[in-house]
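Have a look at the structure below, then the notes.
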Amino acid sequence: MITMYGIKNCDTIKKARRWLEAQQLEYRFHDYRADGLERAQLNAFIDELGWEALLNTRGTTWRKLDENLRASVTNADAAAALMLEMPAIIKRPLLCAPGKPMLLGFSDSSYQTYFNEV
């Protein structure tokens, strides 16, 4: 089963969900806020994708942080602690499909390529 991780009110999540539904692909949606996020699961994401890729430094959540806090995020442990405390700071969507690498972010072309390789 395909799993999409994110936050339900995110516009990019909505686009990605519409794309999956238009392709009639079944998936499960995991909302970081409603369903939670375990440290072990986040560590698995970091191990595969890297903390730098997962940390959304272009979003409003990051920009609203105190400059000292932003400067303190210099390694995987610091980034993971921040992501667990503030899941909205995780880049989204994160897509997981059995037997495939994780896919972070959304674009029509990246999803088309990802699912044509299934």
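Note that these values count all heavy atoms, side chains included, but never hydrogens, waters or copies made by symmetry.
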Drop me the distance from L95's CG to Y111's OH, to the nearest 0.5 angstrom. 4.0 Å
So, S110 versus T113: side-chain donor-acceptor pair below 3.5 Å or not? no
As an exercise, state the distance from CD1 of I13 to OH of Y32, rounded to the nearest 0.5 Å. 7.5 Å
Does F115 have its ring centroid less than 6.0 Å away from the ring centroid of W19? yes
Are L49 and L103 linked, directly or through intermediate hydrophobic residues, by side-chain heavy-atom contacts shorter than 4.5 Å (ILVMFWY only)? no
Is L104 close to E48 at the side-chain level, that is, under 4.5 Å between some pair of heavy atoms? no
Side chains of M86 and T61, heavy atoms from C-beta outward: is any pair under 4.5 Å? yes
According to a 4.5 Å side-chain heavy-atom criterion applied to Ile, Leu, Val, Met, Phe, Trp and Tyr, with indirect links allowed, do M102 and I2 form part of one hydrophobic cluster? no
Any donor-acceptor pair under 3.5 Å linking the side-chain atoms of R17 with those of Y27? yes
Any idea which heavy atoms bring A80 and L42 closest together, and the distance? O-CD2, 3.5 Å
To the nearest 0.5 Å, what is the distance between CZ (R92) and OG1 (T12)? 7.0 Å
Please name all residues satisfying ring-ring contact (aromatic ring centres under 6.0 Å, His included) with F45, sequence neighbours left out, ordered by chain then number. Y5
Closest non-hydrogen atom pair, S72 against A78: O-CB, 3.7 Å
A88 and R33 have their tightest heavy-atom pair at CB-NH2, 3.3 Å
For the residue pair L65 and L69, what are the closest heavy atoms and their distance? CD2-CD2, 3.7 Å
Give a yes/no verdict on a cation-pi contact between K100 and Y114, requiring under 6.0 Å between NZ or CZ and the six-membered ring centre and an angle within 45° of the axis. yes
What are the two closest non-hydrogen atoms of A16 and M4, and how far apart are they? CB-CE, 3.5 Å
Side chain proximity check, N56 to I90, heavy atoms < 4.5 angstrom: no
Find the distance between CG (D35) and CD1 (I7) and round it off to the nearest 0.5 Å. 11.5 Å
Is a side-chain donor or acceptor of R28 paired with a backbone partner of M1 at a separation under 3.5 angstrom? no
I would like to know whether M83 and L54 meet side-chain contact (heavy atoms from CB on, under 4.5 Å); could you show each step before the answer? CA-CA 9 Å; M83 287 186 254; L54 279 170; 4.0 Å; yes
Please determine whether side-chain contact (heavy atoms from CB on, under 4.5 Å) holds for the pair D31 and F29, giving the CA-CA distance in whole Å, both sets of side-chain angles, and the decisive distance to 0.1 Å. CA-CA 6 Å; D31 188 316; F29 180 67; 3.7 Å; yes
Are the charged groups of R39 and D77 less than 4.0 angstrom apart, N to O? yes
Drop me the distance from H30's NE2 to T3's OG1, to the nearest 0.5 angstrom. 9.0 Å
Measuring from atom CZ of F106 to atom CG of L20, what distance do you get when rounded to the nearest 0.5 angstrom? 8.0 Å
